[in-house]
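The block underneath contains the structure these notes are about, expressed in C-alpha cells.
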Amino acid sequence: MKARAAVLFEVGRKLEIREVEVQAPQAGEVLIQMAAGGVCHSDLHVMTGHLVAPLPAVLGHEGAGRVADVGPGVTAVKPGDHVIPLWRLSCGVCEYCSGGRPALCPEGTQIRMTGHLLDGTTRFTLDGKEIKHFAGVSSFSEYSVVPEKAVLKIPDDLPLDRAALLGCAVITGVGAVFNAAQVKPGSTVAVFGAGGVGLNVVQGAALAGAEKIIAVDLLDRKLEFARRFGATHTVNAAAGNPVEEIRALTGGKGVNYAFEVIGLPATMRQAYDALAKRGIAVVVGVTPMTTEVSVPVMSLVFEERVLTGSIYGSSRPRIDIPKLIELYRAGKLKLDELLTRTYPFNEINEAYAALERGEVARSVVTF
Ligand code: COD
Ligand code: ZN
C-alpha cells in the first residue's frame with residue numbers, strides 16, 4: 001500500500017514528505033495506521049547528525065494509532081485496537097528483559113542501529129529502494145509496520161494525540177525519576193532542560209513528592225512551563241552560573257538529584273556539580289558517539305556522588321505506561337498541558353522549527 005511518510009535522506013536536510021510503499025506485515029509484525037506522531041528533539045538530533053541513525057529513514061519514534069492489519073502469528077493485538085509503538089523493542093527473555101530493564105535488550109539495540117526489522121529487511125521502499133525504519137517505530141508515516149514485541153495496546157477511550165506522548169516524552173522523563181534516580185519524598189531535585197522530556201522529569205519529581213524542584217533552562221517561556229509542571233524554583237542559565245544558583249537555593253548543599261535533559265557535555269557536568277553529598281546525577285540527553293564528560297574523582301569518592309544515565313526511563317513500558325494512563329485519568333499526570341500545539345502532518349518541518357525556537361512544550365503532527 002502507499003503512505004505519505006516523512007523521510008530523512010541525509011544529515012543536514014529537512015524531512016521530505018514522500019509517498020512510500022509500505023509492505024504488508026510479516027510474521028510477528030503489526031501494521032499501524034498512525035493517528036499522531038510526537039515531535040521530539042531526538043529526531044532533530046538525527047537530522048543534524050548529533051545522533052547517528054541509518055539513512056534514508058522514515059523518522060518519528062513517538063506515536064499512537066490503530067492496528068490496520070497483523071501478520072501471521074500475531075496474538076497481542078487485532079485490527080482496530082488502539083496502540084502505542086515502543087521505540088525500544090524487547091525480546092522478553094534475555095537477561096535484561098528478565099531483569100526488569102527491557103530497554104537494554106540487544107534486539108532493541110539491533111533495530112535502532114540497523115534500521116531494519118528483526119529479519120534484516122525493511123517494510124518501506126521508495127522507487128524500489130529500501131527506506132529504513134527509525135527505532136523500529138517510524139511514526140512519521142500514515143502507516144508503519146512495527147514488530148508485535150514493540151506494540152502496546154491502550155484503552156480505546158484515551159485520545160490518541162495524548163497517548164502518543166506517553167511513548168517517549170512521558171515515560172522517558174517520569175521513568176528517569178522513579179526507576180533510575182528513585183527520587184524520595186522530601187528531597188531536592190534540579191532539572192537541566194525544560195523541554196518535552198525535561199517537563200516530565202519535573203512532573204515526575206512532583207509526583208514523587210520532592211520538596212524542591214529547580215528547573216534550569218535558557219528560555220523564560222520554558223521555565224514558565226516548568227512552574228506549571230511542578231517546579232518550585234527556576235533558574236535561567238543564560239543569566240548566570242546555574243550551579244551557583246542551585247547551591248544558593250539549597251543552603252549551599254546542592255541537590256539530592258540532578259537530571260540532564262538536554263544532551264550537552266557542559267550541562268552534564270553542571271548537573272554533576274550541582275549535587276549534594278551522596279547525590280545522583282542522571283543523564284537523559286545524549287551527545288555524539290565520541291564525546292566524553294569528566295568529573296572530579298575526589299567528589300565521587302569523598303562525597304559518594306553518583307553519575308549515571310537512563311534510557312527510555314529505565315522503564316518496563318508494559319507495566320509503567322498503563323500506570324501513567326491511570327495517573328492521567330485521575331488528573332495527576334499532565335498530558336493535556338504538555339500537548340501545546342498540533343500540526344497537520346504536511347507541516348512537520350514547521351513543527352520542528354517551532355521546537356527549535358522553543359515555542360512549545362510538546363507538539364504532535366496528526367494524520
Ligand atoms: N542550559 C539549559 N537549558 C538548555 C541549554 C543549556 N545550555 N541548551 C538547551 N536548553 C533547553 C532548551 O531551551 C529546551 O527547553 C530544552 O533544553 C530541550 O528541550 P527540547 O524540547 O528541545 O528536547 P526534548 O525534551 O524533546 O528532548 C531532550 C532529549 C535530552 C531527550 C534529547 O535532546 C536527546 O538527547 N535525545 C537522545 C536521547 C534519546 O534517544 N532519548 C530517548 C528518545 S527521546
Ligand atoms: Zn523522544
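Throughout, residue positions are numbered sequentially from 1 according to the sequence presented. In each ligand, atom 1 is the first atom listed, and ligand 1 is the first ligand listed.
Inclusion of V197 in the set of residues having an N or O under 3.5 Å from an N or O of ligand 1 is warranted. The N/O atoms of H41, backbone and side chain alike, include one that comes under 3.5 Å of an N/O atom in ligand 1. Considering both main-chain and side-chain atoms, W87 never comes within under 3.5 Å of ligand 1 through any nitrogen or oxygen pair. For ligand 1, the polar-atom distance check against R362 finds a nitrogen or oxygen pair separated by under 3.5 Å. For ligand 1, none of its N or O atoms has an N or O atom of T172 under 3.5 Å away. Residue V286 has at least one N or O atom closer than 3.5 Å to an N or O atom of ligand 1. Residue C168 has no nitrogen or oxygen atom sitting less than 3.5 Å from a nitrogen or oxygen atom of ligand 1, judged on distance alone.
Contact check for V137 versus L86: no side-chain heavy atoms found under the 4.5 Å cut-off.
Under the 30°/60° scheme for interplanar angles, the aromatic rings of W87 and H61 are found to stand perpendicular. Between F140 and Y352, the ring planes lie perpendicular to each other; the angle is over 60°, past the 30° to 60° tilted range.
When the options E224, R227, E245, K222 are evaluated for a side-chain contact (heavy atoms from CB on, under 4.5 Å) with T234, the one that passes is R227. Applying salt bridge (charged side-chain N to carboxylate O under 4.0 Å, His left out) to R4 and the options E19, E21, E142 leaves one that passes, E142.
Contact annotation for L44 and ligand 1: no heavy atom of the residue comes within less than 4.0 Å of the ligand. With a 4.0 Å cut-off on non-hydrogen atoms, V284 touches ligand 1 through its backbone and not its side chain.
Inclusion of C168 in the first shell of the Zn ion (ligand 2) is supported: an N, O or S atom falls under 2.8 Å.
Ligand 1 lies out of reach of E62, whose nearest heavy atom is not under 4.0 Å from it. Ligand 1 does not have E356 within reach: every non-hydrogen atom of the residue lies 4.0 Å or more from it. Taking 4.0 Å as the cut-off, V261 counts as a neighbour of ligand 1 on heavy-atom distance. In this structure, G358 has no heavy atom closer than 4.0 Å to ligand 1. Using a non-hydrogen distance threshold of 4.0 Å, Y312 does not register as a contact of ligand 1.
A continuous path of hydrophobic side-chain contacts links L160 to L165 [ILVMFWY only; heavy atoms under 4.5 Å].
Between the side chains of N179 and S315, not a single donor N or O lies within less than 3.5 Å of an accepting N or O. Side-chain N/O atoms of Y272 and S299 include a donor and acceptor closer than 3.5 Å.
Counting only heavy atoms of the protein, atom 13 (O) of ligand 1 lies nearest to D217 OD1, 2.6 Å.
Distance alone, capped at 3.5 Å, is enough to place a donor-acceptor pair between the R247 side chain and the D273 backbone.
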